[in-house]
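Reading through the structure tokens given below for one structure.
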There are 2 protein chains.
Amino acid sequence: MSVTSPAGFEAAGIAAGIKRTGALDLALVVNRGPRQAGAAVFTSNRAKANPILWSQQAVEDGVVSAVVLNSGGANCFTGPEGFQVTHRTAEAAASALHVSAGDVLVCSTGLIGDQLDGEVLEEGVLSAANRLASDEAAGADAARAIMTTDSRPKTTQVVVDGWRIGGMAKGAGMLAPGLATMLVVLTTDADLPSADLDAALREATRVTFDRLDSDGCMSTNDQVTLLASGASGVTPDAATFVEALTTACRDLALQLQGDAEGASHDIAIEVRGAATEGDAVEVGRSVARNNLFKAAIFGNDPNWGRVLAAIGTTRAAFDPYLVDVTMNGVRVCHAGRPDRPRDEVDLAPRATHVRIELHAGEASATIWTNDLTHDYVHENSAYSS
Amino acid sequence: MSVTSPAGFEAAGIAAGIKRTGALDLALVVNRGPRQAGAAVFTSNRAKANPILWSQQAVEDGVVSAVVLNSGGANCFTGPEGFQVTHRTAEAAASALHVSAGDVLVCSTGLIGDQLDGEVLEEGVLSAANRLASDEAAGADAARAIMTTDSRPKTTQVVVDGWRIGGMAKGAGMLAPGLATMLVVLTTDADLPSADLDAALREATRVTFDRLDSDGCMSTNDQVTLLASGASGVTPDAATFVEALTTACRDLALQLQGDAEGASHDIAIEVRGAATEGDAVEVGRSVARNNLFKAAIFGNDPNWGRVLAAIGTTRAAFDPYLVDVTMNGVRVCHAGRPDRPRDEVDLAPRATHVRIELHAGEASATIWTNDLTHDYVHENSAYSS
């Protein structure tokens with residue numbers, strides 16, 4: 001059910017002592033081949049963490065042998081010392097696995113601005129390398145070791161004819177990816193070169209992680225990595241692979257949404273009838289980032305006026321007096337005017353569906369977000385203290 | 001201290017029965033001349049309320065005799081019937097005051113999507129016209145009648161040599177103006193034509209109301225109106241007038257910030273060393289709209305990593321490893337790395353100052369915002385129910 005599901009992969013998750021609590025905090029995922037192809041997409045935040053700066057270089061040649069991931073510290077805005085810690089982490093993994101450090105990606109997550117201890121990480125990597133295994137428990141440990149405020153690990157697998165995709169993800173806040181979101185590692189035993197992996201990964205993330213906007217806050221450390229071992233000996237056609245990869249990415253994205261910090265509603269904002277897909281995304285994202293709308297959903301209040309006010313701030317093509325808004329199946333606004341009574345809408349369930357019909361074209365997109373709750377404020381007012 | 005402070009103006013604030021609570025809900029401000037010049041700036045939200053659509057037309061010729069303002073309903077997304085209610089309101093004022101309906105502006109505030117009762121408004125306007133007065137109490141009543149979730153009325157006056165500016169404002173949520181914010185009426189007895197008023201108003205609002213971003217949510221009903229009676233007989237030079245007007249606007253903007261829904265901190269985000277003023281505003285606004293930063297300030301947590309993560313999402317010119325962040329006088333981040341310990345920062349006071357030094361140029365700007373609190377979530381999860 002995780003990164004060890006496809007053939008050719010080993011993983012480990014250990015407590016390296018980075019987290020003061022003694023919880024699992026370091027994961028290692030290794031591609032045993034025969035192929036060691038990799039691709040990754042990164043946060044588009046211009047303030048990038050040290051592991052992002054490292055991994056961007058390391059993935060360039062399309063060869064990735066291993067990924068080291070730590071929770072307990074983001075290693076972001078930690079200066080040249082911080083970059084050295086990332087470099088040292090990659091060197092430790094390379095030495096233990098007998099691969100090149102340039103083929104080891106590094107991901108970190110936790111508080112920004114705290115220095116990580118290079119020695120602790122180095123020892124952790126060696127210890128993890130000694131515990132590598134290809135069984136389900138090893139994949140589960142790895143998924144658990146990358147958790148921060150996550151309440152549960154997130155894993156997935158997609159089984160196709162003769163080959164598989166596995167994956168794990170962490171993330172519960174700062175969920176508004178620019179290109180990718182949070183830490184995600186996907187593995188496959190399909191036999192594909194890195195250029196094909198890269199194209200498939202960009203296509204799959206564009207309509208999954210990139211449509212997730214829990215709290216409008218884009219992380220400095222987001223990274224989605226895809227590794228292919230070729231161990232199945234099967235080379236699927238591009239469309240089939242993209243479809244399977246998209247399924248895995250969507251599954252993980254929805255698990256991230258379902259575990260978003262303090263959230264009490266998982267909201268799917270479906271925008272239809274847009275002039276372009278870009279317009280649909282812009283409209284959905286504007287509503288998803290509107291605190292008044294998000295607070296209203298928390299209060300089980302189908303306040304469609306706030307939806308229209310949010311649409312009005314976009315550059316999308318629309319006429320306010322053509323817009324329909326439907327909440328959980330009840331059309332509360334028709335042609336920019338009140339339609340069914342608000343009290344017909346039942347917002348008690350966690351799953352919430354808001355459909356916006358712009359009547360401006362044929363394009364559509366769905367953005368996934370969460371409500372704004374007391375618990376969100378509480379968790380994020382106390383995180384670093 | 002309010003719109004009746006300059007010579008030539010009368011006002012009234014009454015309970016017309018729009019609010020079910022029986023509170024004051026209708027204000028009338030009348031310019032008795034000799035000049036009846038006016039200018040206004042409006043929300044840049046593309047979903048505009050009916051009174052905005054009306055007032056945009058009415059102000060075009062630069063002649064404004066009166067402004068009717070109601071709380072208890074925004075008259076937004078209420079269709080042609082809603083526009084007729086606005087028209088009828090202006091007609092009622094015109095008839096009572098013996099002026100043209102095209103010289104009467106209308107402003108509404110309250111819940112979006114609720115139909116206002118035209119008859120109630122018409123009777124209210126007639127009743128207000130009978131109670132017009134030029135004394136301080138009349139100005140105070142008008143300021144009170146436009147309140148919604150405001151906890152107190154907001155008024156200002158600026159006294160210059162021989163002439164004055166007076167003003168009132170309402171607003172406690174949806175505070176993120178595109179051009180103007182909330183309902184504001186400014187009066188002056190300076191003798192200036194409407195073209196000069198318009199230029200001065202745009203210059204003053206650009207650096208005051210437009211720099212206020214309490215919750216990132218742009219209203220559909222924002223309007224700032226400036227009326228000049230010429231009753232002082234004094235024509236100030238343009239620079240002097242702009243300076244006085246900017247003082248009045250800043251005073252009202254800071255009163256809006258100080259009364260923002262549920263806020264426990266008034267945060268001034270000062271961005272210095274930007275390549276352009278536009279960059280400074282973009283950086284300040286990005287930080288002001290970052291829910292994680294806002295929740296951290298609520299928790300008295302000087303989490304500068306969230307400041308840098310927010311800067312990273314902008315297009316402004318900057319190098320992450322040159323940025324300094326100072327919170328309430330303590331530089332917690334220097335050159336993109338940890339500087340003074342976080343616990344030296346005292347965030348207990350309501351007034352909070354965050355200074356961001358980009359080291360990318362000479363331009364600067366300050367954005368005013370608030371923290372994200374339990375009370376904000378509470379108030380906005382229960383507003384329409």
Side-chain angles (χ1 to χ4, degrees), chain A residues 44-48 74 76-79 82 111-115 173-174 178 215-220 289-293 295-301 303-306 308-314 318 320-321 333 335-338 342 372-374 376-385, chain B residues 44-48 74 76-79 82 111-115 173-174 178 215-220 289-293 295-301 303-306 308-314 318 320-321 333 335-338 342 372-374 376-385:
Chain A
S44 61
N45 196 311
R46 291 170 58 209
K48 293 188 203 314
C76 183
F77 293 113
T78 45
L111 189 63
I112 296 172
D114 271 3
Q115 209 56 263
M174 276 208 188
D215 63 358
C217 297
M218 187 200 295
S219 163
T220 49
R289 292 188 173 179
N290 189 280
N291 279 349
L292 293 172
F293 163 75
I297 297 295
F298 168 57
N300 295 343
D301 171 13
N303 194 322
W304 58 267
R306 293 175 179 175
L308 285 174
I311 298 172
T313 66
T314 69
F318 79 101
Y321 287 104
C333 169
R337 282 182 277 172
R342 292 166 198 260
L372 179 60
T373 68
H374 290 302
Y376 177 90
V377 173
H378 177 71
E379 289 192 32
N380 287 298
S381 63
Y383 179 56
S384 79
S385 48
Chain B
S44 60
N45 196 311
R46 292 168 58 209
K48 293 187 204 314
C76 182
F77 293 112
T78 45
L111 188 64
I112 297 172
D114 270 4
Q115 210 54 265
M174 273 206 188
D215 63 358
C217 297
M218 188 199 294
S219 162
T220 49
R289 292 189 173 179
N290 189 281
N291 278 350
L292 292 172
F293 163 75
I297 297 294
F298 167 57
N300 296 342
D301 171 13
N303 193 320
W304 58 266
R306 293 176 180 175
L308 286 174
I311 298 172
T313 67
T314 70
F318 80 100
Y321 287 103
C333 168
R337 281 182 278 172
R342 293 166 198 258
L372 179 61
T373 69
H374 290 303
Y376 177 90
V377 174
H378 178 71
E379 289 191 31
N380 288 299
S381 62
Y383 180 56
S384 79
S385 48

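Residue numbering restarts at 1 for every chain, and letters A, B, ... go by the order of the sequence lines.
- The CG atom of B:L292 sits 11.0 Å away from the CD atom of A:E379 when rounded to the nearest 0.5 Å.
- For chain A, the nearby parts of B:T313 are the backbone and the side chain; heavy atoms of each come within less than 4.5 Å.
- Interface remark: B:F318 contributes backbone and side-chain atoms alike to the contact with chain A (heavy atom separation under 4.5 Å).
- For the set B:C76, B:C333, B:P320, the entry with the most heavy-atom pairs within less than 4.5 Å of chain A is B:P320.
- Among all heavy-atom pairs drawn from A:L111 and B:R342, the shortest one is CD2-NH2, 3.9 Å.
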Apply side chain to side chain contact (heavy atoms under 4.5 Å, CB included) to B:N303 and A:I112, showing your working.
-> CA-CA 8 Å; B:N303 193 320; A:I112 296 172; 5.5 Å; no
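- At a 4.5 Å heavy-atom cutoff, the contact between B:L308 and chain A is made by backbone and side-chain atoms alike.
- Under the 30°/60° scheme for interplanar angles, the aromatic rings of B:Y321 and A:F77 are found to be tilted.
- By the 30° and 60° cut-offs, the orientation of the rings of A:H378 relative to B:H374 is parallel.
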Could you please spell out the steps behind the side chain to side chain contact (heavy atoms under 4.5 Å, CB included) verdict for A:Y376 and B:V377?
-> CA-CA 10 Å; A:Y376 177 90; B:V377 174; over 6 Å; no
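- Proximity to chain A is limited to the backbone of B:T373, based on heavy atoms less than 4.5 angstrom apart.
- For A:L372, the parts lying under 4.5 angstrom from a heavy atom of chain B are both the backbone and the side chain.
- When every heavy atom of B:A295 is checked against every heavy atom of A:S381, the shortest pair comes out as O-CB, 3.0 Å.
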